[in-house]
Amino acid sequence: MKKSGAWLVRYALEQLGIRYTFGIPGVHNTEIYDELNNSESITPILVTHEGGGAFMADAVSRTSDSIGTLLVVPAAGITHASSGIGEAHLDGVPMLVISGGVRTDGMNYQLHDMDQHGVLKPITKATFKVTAQADIITTLYKAYDIAMTGEPGPVFVEIPVNIALFKAECPTPITYAEYRQLDSSEPTTVGSYELSKEQFSKEKLVTQAVDTLLSSKQVGLFLGWGCKESTKQAIVLAELLSAPVSTTLQGLSVFPGNHPLHVGMGFGGYSVPAAEQAFKEVDCVLACGTRFSEIPTGSFAMKVPEKLIHIDINPQVFNANYPAKITIEGDALEVLSLIVDQIQQRQAAEVLAKGATFKEQFNKENSDKMNAKVMSIAADKQRYLKDWFAHDTKGKVNPARFFQQLRDRMNDDDYLVVDDGNHTFLAAELMPIHTSKHFISPTDFNCMGYCVPAAIGTKIANPDKQVVGIVGDGAFLMTCMELVTATHNQLGLIISVFNDGELAQIAQAQSVPYNRKTCTTLGRYKVEGVAMATGCEYLRVNTNEEIYDSLTAAFKFSEQGISVILDINIDYSKKTRFTQGIVKTNLQRFELSEKIRFISRAIKRKITG
């Protein structure tokens with residue numbers, strides 16, 4: 001049978017359950033776009049910039065069961081999208097990146113002629129260039145497997161324009177299920193993602209982990225994005241061990257923020273008091289689905305006890321920053337389930353062997369321990385919130401007041417999307433998230449401009465849920481025009497712009513060691529003008545007293561499919577614990593002579609101006 005490359009692309013994407021593609025059509029991919037227009041299950045979404053399209057695809061992967069898919073032109077489309085691809089790569093988010101390619105007829109200096117694979121190699125798990133129509137379906141299936149297997153990530157497929165345009169003899173198209181049956185091996189992994197050989201069986205390692213957990217005085221859990229599908233197991237484990245639970249920034253949602261054992265992001269002097277205090281007595285940490293990267297560890301200020309049990313699907317993260325006593329390579333859901341089952345079996349066997357009196361005493365001791373821990377955590381949280389509420393914002397909006405009222409407005413299964421900036425850590429400290437995968441943010445790649453397009457991708461993938469974005473006025477400038485896409489598709493987003501006229505996170509970090517702010521004051525612009533240009537409604541929130549009515553109006557607009565920008569006169573004068581902690585940590589790392597130089601310079605500038 002003869003089929004065009006474009007037809008084969010459409011067929012393969014339909015078989016993979018792709019629901020949306022994001023990008024901009026150009027001469028090298030118009031045939032594919034034309035085919036997608038005929039699809040009953042795939043909707044191509046036009047974006048204003050491929051960088052925004054990549055963030056949309058990232059959000060689809062994070063918040064739904066479909067893989068986010070980019071369809072862009074070669075060269076400029078790829079370089080524009082690279083920030084979003086890089087974010088997905090470092091954050092472990094699967095993505096299919098498909099671009100057209102120059103003709104394969106041997107002509108040189110064609111339009112968009114560049115080595116795309118060389119550009120994308122550092123920020124993808126694998127790249128492929130299709131050389132014949134007959135290879136398209138299996139190549140896309142293989143790319144999908146690599147993107148989803150092990151630690152997930154982006155995979156790139158280039159389809160030259162002549163292969164997309166023209167028909168050629170092809171074997172009968174196979175479904176993805178048939179492809180999986182033909183491939184008797186496990187889904188492919190590549191390069192650094194190949195599975196390592198375990199010295200011990202997983203069962204033996206789990207037994208060692210359980211021995212360590214049950215012999216420890218106080219266990220703490222530290223959970224990352226890798227636990228996004230194992231919330232139930234994490235809750236059971238925490239309750240069995242009366243263990244406080246801390247998360248990474250990306251993993252903020254994997255353990256319910258309204259659970260009494262949840263303490264916040266990270267633990268130590270850079271974390272909120274509930275986390276700092278709860279982990280002071282911890283002599284064993286079970287970390288799961290986390291790399292111990294810079295942000296959740298407070299720039300590596302986190303103090304981890306000698307008894308560290310580290311579980312991750314990617315063995316390369318083990319012992320990279322913190323030495324572990326026990327490492328278990330595997331999926332979080334599988335390994336946590338094994339640990340929970342073994343603890344429950346041991347406890348049941350002990351109760352059965354020792355009788356009813358022991359059972360009563362055992363239950364009482366566990367209950368007393370849990371209640372003491374829960375009361376302490378709750379008291380620390382309440383004191384921290386009270387401290388925020390008492391802060392004089394001098395007529396501006398108090399972040400804690402805003403997040404409290406926003407939390408009251410949102411359902412547990414609504415989505416919060418944040419950008420990179422001071423607001424990110426305010427959200428982490430002040431906005432409890434109750435459902436896994438319902439808080440997303442740029443993390444290890446830490447890319448500004450994420451919020452608006454990621455909120456669009458989240459809403460497209462979850463049209464029946466409310467999606468609220470939180471973004472600083474600096475990050476908003478980078479991708480605000482993508483709201484045209486939201487308006488065109490009648491998404492009804494709520495984008496809250498924390499407006500203070502600065503790149504606040506960096507400005508605050510500058511103020512301590514430099515006692516001045518360089519290149520972090522924004523040029524003046526009117527957020528209302530952006531709303532007018534993009535067809536959004538506009539609401540200004542000047543003071544705490546205006547929060548309630550503004551949120552009420554914003555949610556009403558959203559229910560009508562009308563996107564709205566909340567321009568919030570935010571007060572950033574009170575620093576987050578995270579900002580205070582990382583500034584202190586990094587200053588302490590300096591050699592004494594450099595420390596004296598920095599402090600002296602700051603004091604001199606404070607005196608002389």
Side-chain angles (χ1 to χ4, degrees), residues 249 265-273 275-276 293-303 321 383-384 387-400 418-430 442-449 471-478 497-525 568-609:
L249 174 63
M265 184 188 81
F267 56 89
Y270 65 95
S271 66
V272 295
E276 182 181 19
S293 56
E294 185 159 12
I295 287 179
T297 61
S299 197
F300 310 111
M302 177 183 283
K303 304 298 182 185
N321 291 322
R383 278 193 293 270
Y384 187 59
D387 183 53
W388 268 97
F389 287 160
H391 177 63
D392 182 7
T393 58
K394 296 179 171 56
K396 294 185 176 182
V397 173
N398 185 318
V418 303
D419 212 287
D420 171 44
N422 199 34
H423 66 278
T424 313
F425 303 103
L426 286 167
E429 293 185 4
L430 299 171
T443 48
D444 287 344
F445 202 76
N446 218 216
C447 199
M448 290 175 68
V471 58
D473 47 356
F476 184 64
L477 276 173
M478 295 184 174
V497 180
F498 280 17
N499 194 342
D500 76 321
E502 292 184 335
L503 299 174
Q505 183 70 14
I506 301 303
Q508 287 187 357
Q510 288 176 328
S511 65
V512 176
Y514 302 119
N515 202 37
R516 68 172 56 161
K517 300 172 184 178
T518 302
C519 226
T520 48
T521 300
L522 298 173
R524 292 184 61 188
Y525 73 98
I568 300 172
N569 182 31
I570 200 72
D571 174 61
Y572 275 152
S573 61
K574 182 176 172 62
K575 294 182 178 68
T576 62
R577 287 271 298 193
F578 178 83
T579 298
Q580 295 175 58
I582 60 170
V583 170
K584 181 179 179 181
T585 293
N586 283 294
L587 186 60
Q588 288 175 341
R589 287 199 181 105
F590 290 6
E591 295 289 338
L592 180 60
S593 59
E594 290 298 322
K595 193 181 297 185
I596 292 171
R597 181 172 73 88
F598 269 74
I599 294 173
S600 299
R601 182 176 63 183
I603 293 172
K604 180 180 178 181
R605 287 176 178 176
K606 191 173 185 66
I607 296 171
T608 62

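Hydrogens, waters and symmetry mates are skipped; everything else that's a heavy atom, side chains included, is used. The chain is numbered in sequence order, starting from 1.
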- Task: Please assess Ser573 against His391 for the test side-chain contact (heavy atoms from CB on, under 4.5 Å), listing each intermediate value before the final yes or no.
- Result: CA-CA 9 Å; Ser573 61; His391 177 63; 2.8 Å; yes
- Do other residues, nucleotides or ligands put more than 12 heavy atoms under 6.0 Å from the NZ atom of Lys584? no
- What pair of heavy atoms forms the shortest contact from Gly269 to Arg577, and how long is it? O-NH2, 3.6 Å
- Item | Side-chain donor or acceptor of Gln508 paired with backbone N/O of Tyr572 under 3.5 Å | yes
- Using the side-chain contact (heavy atoms from CB on, under 4.5 Å) rule, take Phe476 and Asp419 through it: C-alpha gap first, then chi angles, then the decisive distance, then the call. CA-CA 9 Å; Phe476 184 64; Asp419 212 287; over 6 Å; no
- With rounding to the nearest 0.5 Å, note down the distance linking CZ in Arg597 to CZ in Phe590. 8.5 Å
- Item | Closest non-hydrogen atom pair, Trp388 against Asn398 | O-ND2, 2.9 Å
- Between Gln588 and Lys595 the two heavy atoms that sit nearest each other are O-NZ, 3.7 Å
- Face-on cation placement of Arg516 at Tyr514 ring, 6.0 Å and 45° thresholds: no
- Closest heavy-atom pair, Ile295 versus Phe578, reported as atoms and distance to 0.1 Å, is O-CE1, 3.3 Å
- Candidate pair Lys396 and Ile570, rule side-chain contact (heavy atoms from CB on, under 4.5 Å), full reasoning: CA-CA 6 Å; Lys396 294 185 176 182; Ile570 200 72; over 6 Å; no
- Message: How long is the straight-line distance from CG of Asn446 back to CD of Glu294, given to the nearest 0.5 Å?
- Response: 9.0 Å
- Residue pair Pro442 / Leu249: nearest heavy atoms and the distance that separates them: O-CD2, 4.4 Å
- Query: Is a side-chain N or O of Glu429 found less than 3.5 angstrom from the main chain of Val272, in a donor-acceptor match?
  - Reply: no
- For side-chain contact (heavy atoms from CB on, under 4.5 Å), just list the numbers for Thr585 and Tyr270, CA-CA rounded to whole Å, side-chain angles, deciding distance to a tenth of an Å, and then say yes or no. CA-CA 9 Å; Thr585 293; Tyr270 65 95; 5.7 Å; no
- Query: Under 3.5 Å, side chain of Asp420 to main-chain N/O of Cys447, donor-acceptor pair present?
  - Reply: no
- Query: Between OG1 of Thr579 and CD1 of Ile506, what distance do you get to the nearest 0.5 Å?
  - Reply: 9.0 Å
- Answer whether the closest heavy-atom distance between the side chains of Asn422 and Phe498 falls below 4.5 Å. no
- Starting at NE2 of His423, measure out to CG of Asp473 and round the result to the nearest 0.5 Å. 10.0 Å
- Task: Without swapping roles, check the side chain of Thr424 against the backbone of Gly421 for a donor-acceptor pair under 3.5 Å.
- Result: yes
- Can you tell if the side chain of Val397 reaches within under 4.5 Å of the side chain of Thr393, non-hydrogen atoms only? no
- Query: Are Lys517 and Glu502 ion-paired here, with the side-chain N under 4.0 Å from a carboxylate O?
  - Reply: yes
- Message: Strictly distance-based, threshold 3.5 Å: is any side-chain N or O of Asn586 a donor or acceptor partner for the main-chain N or O of Val583?
- Response: no
- Query: Can you tell me how far OG1 of Thr297 sits from NZ of Lys303, rounded to the nearest 0.5 angstrom?
  - Reply: 10.5 Å
- Task: Could you pull out the closest heavy-atom pair between Met448 and Gly474, with the gap in Å?
- Result: CE-C, 4.0 Å
- To the nearest 0.5 angstrom, please state how far the CG atom of Asp392 sits from the NZ atom of Lys574. 12.0 Å
- Query: So do Thr518 and Gln510 actually touch side chain to side chain, heavy atoms under 4.5 Å?
  - Reply: yes
